[in-house]
Amino acid sequence: MDTLGEIKKIIMELLDLEDDPITPDTYLIKELGAESIDLLELAVAINSRFKIAVKDEDIFLTRFRLYLTEATQKGMDNAPYIAGKYPHLTNGRIAEIITHISEGPQLKVKDLVSYITNQSKGA
Amino acid sequence: MAEIVINTGLHGFVMLDSVVEVSTSHIAGARSFSDVPFYIGLESLAQLGAYHIRYLTGFTRHVFLIKIIHCSFPAGKGVDGEYFLSGNLLSQSDSSFHCRLKMEKENKTFMEGEFLFAAVDYDHNFQSERLRHHYTKVFSCLHRDIKPD
């Protein structure tokens with residue numbers, strides 16, 4: 001099974017989902033209703049399944065807004081600053097998140113896949 | 001400020017008598033119970049697991065139980081006598097820790113489960129200077145088999 005398939009399996013089990021509503025573009029918090037406790041459990045499940053080091057703040061983009069503020073305060077462009085913080089995100093994905101950040105939590109399933117892929121390369 | 005009084009009916013809140021082994025992946029300890037309800041045993045297991053995570057994080061972060069993923073124990077039975085407690089770290093992120101914890105009596109498993117703990121930085125609610133010293137001292141006493149205050 002590929003990374004997306006494995007992630008979907010873990011999320012469905014954790015959130016007790018019976019159907020398979022998950023695509024790479026599914027929002028983890030906004031659509032699936034994942035709460036902070038679910039994310040903690042998801043983090044250890046990812047560590048167990050993929051044998052990678054998991055940094056919660058990075059995989060779940062929890063400091064994204066803070067980094068935007070930091071970039072502004074430092075007089076730097078948002079996108080390159082964020083890219084330095086989240087090397088697993090593409091420039092396109094960063095731009096997409098910045099555009100929609102006011103609409104609520106932007107974490108998508110594909111962001112987890114990107115993180116795992118990136119960490120696996122470094123492992 | 002209003003004062004909240006909690007009376008557990010117990011002599012103390014440290015539900016461990018000793019920590020006999022500890023490493024990055026494993027911890028073991030002991031506790032003697034006097035016919036107490038099962039949830040006291042559950043609390044002992046949770047305390048053992050939490051001390052393991054504090055040990056792993058060098059007592060630099062506040063650790064607490066987030067969730068009992070599952071736990072099995074004999075229905076209707078209390079906890080009485082000398083028990084051996086042990087725990088293994090199954091997986092972790094930088095903030096969450098998944099452990100299997102077990103309580104045995106006379107080499108037979110009495111209670112066993114998987115627990116999820118979280119570690120957060122100390123802050124104004126969980127004050128480093130007070131809590132870090134407290135937990136380090138209790139762990140040190142337990143590890144040397146000396147009963148804490």
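Order of the sequence lines fixes the chain letters, A, B, ..., with proteins taken first and strands second; residue numbering starts at 1 for each chain.
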- Message: Only heavy atoms, only distances under 4.5 angstrom. Which residues in residues 50-69 of chain B are near chain A?
- Response: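 At a heavy-atom separation under 4.5 Å, chain A is reached by B:I66, B:K67, B:I69.
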- Query: Going by heavy atoms in the side chains, are A:I101 and A:F64 under 4.5 Å from each other?
  - Reply: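 Side-chain contact under 4.5 Å: yes.
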With a 4.0 Å cut-off on N to O distance, would you call [X] and [Y] a salt bridge?
X	Y	value
A:K110	A:E96	yes
A:K85	A:E57	no
B:D17	B:R31	yes

- Distance flag, aromatic centroids of A:Y67 and A:Y86, threshold under 6.0 Å: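 So the answer is yes for these two rings.
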- Take A:T26 and A:T23 through the test side chain to side chain donor-acceptor pair (under 3.5 Å) and record every step on the way to the result. CA-CA 5 Å; A:T26 301; A:T23 72; 3.3 Å; yes
- Task: Using a cut-off of under 4.5 Å on heavy-atom pairs, state which of A:I37, A:V44, A:V54 scores highest against chain B.
- Result: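 Answer, by heavy-atom pair count under 4.5 Å with chain B: A:V44.
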- Among A:I46, A:L40, A:I59, A:L39, single out the residue with the greatest number of heavy-atom pairs under 4.5 Å to chain B.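 The residue among A:I46, A:L40, A:I59, A:L39 with the greatest pair count is A:L40.
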- Query: Can you check side chain to side chain contact (heavy atoms under 4.5 Å, CB included) on A:K55 and A:Q119, steps first, answer last?
  - Reply: CA-CA 10 Å; A:K55 193 172 178 190; A:Q119 286 292 94; over 6 Å; no
